[in-house]
Enquirer: 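Dropping the structure in here first, questions after.
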Amino acid sequence: MTTANNSPIALAGVRKQYGAKAALDGVDLVIPAGSVVGLLGQNAAGKTTLIKTALGLIRPTNGEATIFGEPSWDLSAATKARIGYVPQVITLYPWMRIRQLIKYTASFYPRWNDGLVTKLLTTWDVGGEDKVGILSVGTLQKLAIVLALGHEPDLLVLDEPAASLDPGARRDFLRTLLEVAADGRRTVLFSTHITSDLERVADRVAILRAGKIAYDGALDDLKDSVKRLHITATAPLPVDLQIPGVVKSQVEGNEALISVRDVSPALIEQIRRNYAATVGVQDLNLEDIFLELHHHA
Amino acid sequence: MRNRYAQIALTYTDRWSMRAWLILTAMLVAWLALTRQANFSERLPMLMLGGTACVFAATIVTSQVKEQIADPRSALTPGFRTPHLIVGGVLLTATTLGLASYIAWRSAHIEGGFGWPALRIWPPGYVAIVMISAAAMAWMGYLQSPPFIFCVMALGAVFVMPISEPLNWQTISGRAPVTACVMLALALASLIALWWRMALLNEEMREYHRLDSFSPNLKLSMTGDRFYRRSAAAEVGWFNEWLRGAGRIDRARNVLGASLMRRAAHWRLAISFARANPLFGALFGMMLLVMDYFGGLHEGKGEQGVLIAVPILIGLVVPMLIAGCTWPRRWYTLAQDALRPATRRQFLAEQGAAMGWELMSLWFWITVGALLPTIWYRPHWLLSATTLAMLALTAAEQVLLFAVFVWIARYRGTLFFTWTLTLLAVAAAGFLFVHEIGHADDRLRIPSPLVIAAVLVVALPVLVDAYRRWLRTDLD
Amino acid sequence: MQPAIALDVRPNSGVPIYRQLVEQLRAQVAGRRLAAGEFLPSVRTVAEHLQINPMTVSKAYSLLEREGVVEFVRGQGMRVTTQPTNGKVRREAIRPLLEQVAATAKQLSLAPEQVIAQLKPMLEENDDHRK
């Protein structure tokens, strides 16, 4: 077996067709053990479908999804015990009290960290006697996160985990994620469209665009390689600037703003010489990069 | 703004149920308009069909108005609620009061024939009976609360039972004008009260969130993920907690790697209304005891049909109807439950076992409950071959109904879709039962063991096929 | 001085967090605010203080180790080495910032003298402040 086969999540050529529309259109993605991966994508890019397919809740039309080397669709009990999952739409048994729901959830697992669960509930001010059905969306999300961490999973999958949390709770959540999850032993995959959360926590980023993986790699590499160049020439620049790896370009007279995928000193030098121009290099944060990559949609 | 009223009225034509209703009602009205004189055997079905049409219209119109009102837009958009209520009110009046009056007026005199006596219909009496039914259905469609629906069903059953027949005929023929007027007044008042409640409807009221029986997809797209959570919020009362037996969870033990039946029992902690099943049985028992008392059973008048066939038929039909209402709620938590440590095969087998167990429990309690009058008045009938064979037949039919439901459920359609198909299956099962016991000369036939075996032979492959299909079904 | 407190990263900047850390620590060593023989705060401390992924901190530390700015001492952590902090290292540390200043100055068509004239009082003021 190769390492890719044993990685926490591996998708190979995964397609999911709903009628005429392909929600996933040939996704290849390997999530290395111990990494914290942010899955970034616009609404309806297929993030939830990808996550559900990876977990074996959805059956791919083509391709293969595996978790720790096992086909997602046929996971063993032992492997399921290593997964923690917080869905985007959280529906828990509404009539149970929180303490009952925790007890009930724990009863399915080989081990359960009561200390951690109690600590998190206290930190987040979630009371055990409340009934699940009357909780606010934010509290419900906290509860779902606690439930997903209770059995200390090796793989934690969160679909838009912080979307319904207020800024304070989001900070707490990210801190918890870092303390509990990002200790290098666990693997975390979380989808989001809030790039600032991802930048703090994730070491890798996968960008999903229209059912395909548009980028998959280290977040640092992405920030190092995608830059915006501010070109100022002495003469008017041609509208169709020939620069390799252009993501987005905007030319006006002597000036141009060009976003490139793989910046290098050689590339900048080449532009300087070709257009007798000065080149300013501007760093882009993840949100900028995300927007640039989605520019010519 | 006149245009606006027309627009609102047009929303009703979007519903296939309303379109079907319109076509059928148009045919009925045409028939009524074209025939001058009609005899009893022709006109009586028309009276019943017409009444049913009015009652259905009440449900359709009310649910449509509620769907429009129970929405954030109705509170936020200026001038939204009043026109919607007016259009709905006008349509409701036309399709119930208007249609019923027309039918009654056209059927005022029915000639005798084919051995039936001539009958004079007193229009207000007929309208009163139709309107009280329509009002009950309108409130049912609006509240969508299981206890309320259950009570209405129970009252409705009394209404159509032989013991109510004299009262009904007196009302319809005009010999009980006061009763008719009281009924009509009650019906109209309750409909006005319903519209008044809808005028005030807001998110603090529980029924606001109960909408999923009609078009959950539409509501989901309107309100997003909060919808299911909120509709679930209607489930958190103390009564619900008691029915569910929530306290048992505190004593739950770890079930990792436990046997199929132990895990099925564990799942039932979360999905069944444990205490409701005996309660349903007790309710049916009390209801039948009261009715049978007034029917003169205590004076020794009972026949086998009332004391054996009817209770066992109730036990056959009711469990699946109740389960069909509660089980679809299961879908909401299916994804996370499917990720608990167990293989897909184990998980599906456990869910199937839990649901099958639940259905059998309902069948047991409701049958026992419905047989209470028999236990009280004629205990020696219980152990007859006829009774035992009938019980065997309905038990076998439960297996078939379960198999059919599991097969249908795989599509995870709207509740309406699931209910309709379930209802058809239940009706077919009831028909088979009635056909098997046929009761010429007040004597019940013993259902053939071959038929019982045949039901099981059909049920098992359906069940196996349903399981195989579920193995390939997305559990998201 | 507690170096972890002096660190400050902006996760939503275009510069990867690990590089922000490397640059700040390098500057602290070069400016002798972190003396030779002192230990860097533990990875966990920094990660918790800044609320960032511990792996990012590890990455920054191992980069500094490769550069010879710090060395790993078993059981104790990262210790600042006794390297000759010559002018070259310190000049390298400030170079990326100066490059940015130069680029912006060109965009604004500012003459070199103008920029230097503006920068000089700032440098002197900072100097006073540090003493």
Side-chain angles (χ1 to χ4, degrees), chain A residues 16 18 48-49 51-53 55-60 73-97 99-112 130-137 140 144 147-148 151 153 157 160 163-164, chain B residues 209 220 224-258 263 266-267 269-271 273 329-347 350 471-476:
Chain A
K16 179 66 183 180
Y18 287 113
T48 298
T49 310
I51 283 175
K52 287 184 171 174
T53 311
L55 290 172
L57 295 171
I58 289 180
R59 197 177 152 87
W73 191 253
D74 281 307
L75 294 177
S76 65
T79 302
K80 280 188 185 170
R82 297 173 68 189
I83 304 171
Y85 170 50
V86 179
Q88 185 179 16
V89 179
I90 296 161
T91 37
L92 303 166
Y93 300 110
W95 50 273
M96 283 191 199
R97 295 181 189 279
R99 115 185 103 74
Q100 289 171 333
L101 182 61
I102 288 169
K103 170 121 196 184
Y104 190 66
T105 309
S107 69
F108 288 96
Y109 286 95
R111 58 167 192 270
W112 191 262
D130 288 343
K131 284 196 187 160
V132 173
I134 55 160
L135 300 179
S136 69
V137 183
L140 200 63
L147 288 173
H151 58 286
V157 180
E160 303 269 359
S164 308
Chain B
H209 308 294
L220 189 59
D225 58 339
R226 277 179 291 280
F227 168 61
Y228 283 126
R229 200 184 62 75
R230 284 190 171 165
S231 75
E235 277 191 34
V236 297
W238 63 268
F239 185 62
N240 207 292
E241 190 174 13
W242 181 82
L243 278 184
R244 295 267 194 185
R248 295 176 307 162
I249 293 168
D250 296 323
R251 300 187 296 276
R253 285 195 312 209
N254 195 287
V255 289
L256 182 77
R263 283 179 67 93
H266 196 69
W267 283 115
L269 290 180
I271 59 181
F273 288 84
R329 283 224 169 272
R330 184 82 195 80
W331 306 163
Y332 305 152
T333 53
L334 210 54
Q336 65 182 21
D337 291 344
L339 282 173
R340 304 288 177 235
T343 63
R344 182 174 304 269
R345 285 169 178 279
Q346 285 168 343
F347 175 72
E350 287 160 13
L471 279 177
R472 302 172 56 81
T473 302
D474 289 348
L475 297 178
D476 61 324

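Numbers restart at 1 for each chain; the letters A, B, ... are given by sequence-line order, proteins then strands.
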Enquirer: Answer with side chain, backbone, both or neither: which region of B:Arg344 has an atom nearer than 4.5 Å to a non-hydrogen atom of chain A?
Expert: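 Contact with chain A is through both the backbone and side chain of B:Arg344.
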Enquirer: Hey, could you give me the CG/OH distance between B:Asp474 and A:Tyr18, rounded to the nearest 0.5 Å?
Expert: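 Output value for this atom pair is 5.5 Å.
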Enquirer: Nearest 0.5 Å please: distance from the CG atom of A:Leu92 over to the CG atom of B:Asp337.
Expert: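 These two atoms lie 9.5 Å from each other.
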Enquirer: Restricting to non-hydrogen atoms, name the atom on B:Gln336 and the atom on A:Thr91 that form the minimum distance, rounded to 0.1 Å.
Expert: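 Closest heavy-atom pair between B:Gln336 and A:Thr91: NE2-O, 3.5 Å.
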Enquirer: Quick check for you: among B:Thr343, B:Ile271, B:Thr333, which has the greatest number of heavy-atom pairs under 4.5 Å with chain A?
Expert: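 Greatest number of close heavy-atom pairs with chain A: B:Thr333.
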Enquirer: Under 4.5 Å from any heavy atom of chain A, what part of B:Leu471 do you find: side chain, backbone, both or neither?
Expert: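 Only the backbone of B:Leu471 comes within 4.5 Å of chain A.
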Enquirer: Which label fits A:Tyr104 and B:Trp267: parallel for a plane angle under 30°, tilted from 30 to 60°, or perpendicular past 60°?
Expert: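 Answer is perpendicular, since the angle exceeds 60°.
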Enquirer: Test side chain to side chain contact (heavy atoms under 4.5 Å, CB included) on B:Leu256 and A:Tyr109; report intermediate values, then the result.
Expert: CA-CA 6 Å; B:Leu256 182 77; A:Tyr109 286 95; over 6 Å; no
Enquirer: So, taking the atom named CZ in A:Arg97 and the one named CD in B:Glu241, what distance separates them when rounded to the nearest 0.5 Å?
Expert: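 A:Arg97 CZ to B:Glu241 CD: 4.0 Å, rounded to 0.5 Å.
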Enquirer: On a heavy-atom basis, which atom in A:Ser107 and which in B:His266 lie closest, and how many Å separate them?
Expert: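 So the minimum-distance heavy-atom pair works out to OG-NE2, 2.6 Å.
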Enquirer: Of the non-hydrogen atoms in B:Ala252 and A:Lys103, which two are nearest, and what is the gap between them?
Expert: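 In terms of heavy atoms, the two residues are closest at O-CE, 3.2 Å.
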Enquirer: Report which part of A:Trp73 has an atom under 4.5 Å of a heavy atom belonging to chain B: side chain, backbone, both, or neither.
Expert: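 Looking at A:Trp73, backbone and side chain both touch chain B.
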Enquirer: So which atom in A:Leu57 and which in B:Ala338 form the shortest heavy-atom distance, rounded to 0.1 Å?
Expert: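 Of all heavy-atom pairs spanning A:Leu57 and B:Ala338, the closest is CD2-CB, 4.2 Å.
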Enquirer: Taking salt bridge (Lys or Arg N to Asp or Glu O under 4.0 Å) as the test, write out the residues that go with B:Asp250, two or more places apart.
Expert: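 Salt bridge (Lys or Arg N to Asp or Glu O under 4.0 Å) check on B:Asp250 returns A:Arg99.
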Enquirer: What residue, out of B:Gly257, B:Pro341, B:Ala246, has the most heavy-atom pairs lying under 4.5 Å from chain A?
Expert: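 Maximum pair count with chain A is reached by B:Pro341.
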Enquirer: With a 4.5 angstrom heavy-atom cut-off, which part of B:Arg345 approaches chain A: side chain, backbone, both or neither?
Expert: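 Looking at B:Arg345, nothing touches chain A.
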Enquirer: What's the spacing between A:Lys80 NZ and B:Leu339 CG if we round to 0.5 Å?
Expert: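 A:Lys80 atom NZ to B:Leu339 atom CG measures 6.5 Å (nearest 0.5 Å).
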Enquirer: For A:Ala106, is it the side chain, the backbone, both, or neither that has a heavy atom closer than 4.5 Å to a heavy atom of chain B?
Expert: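 For A:Ala106, the contact with chain B is made by the backbone alone.
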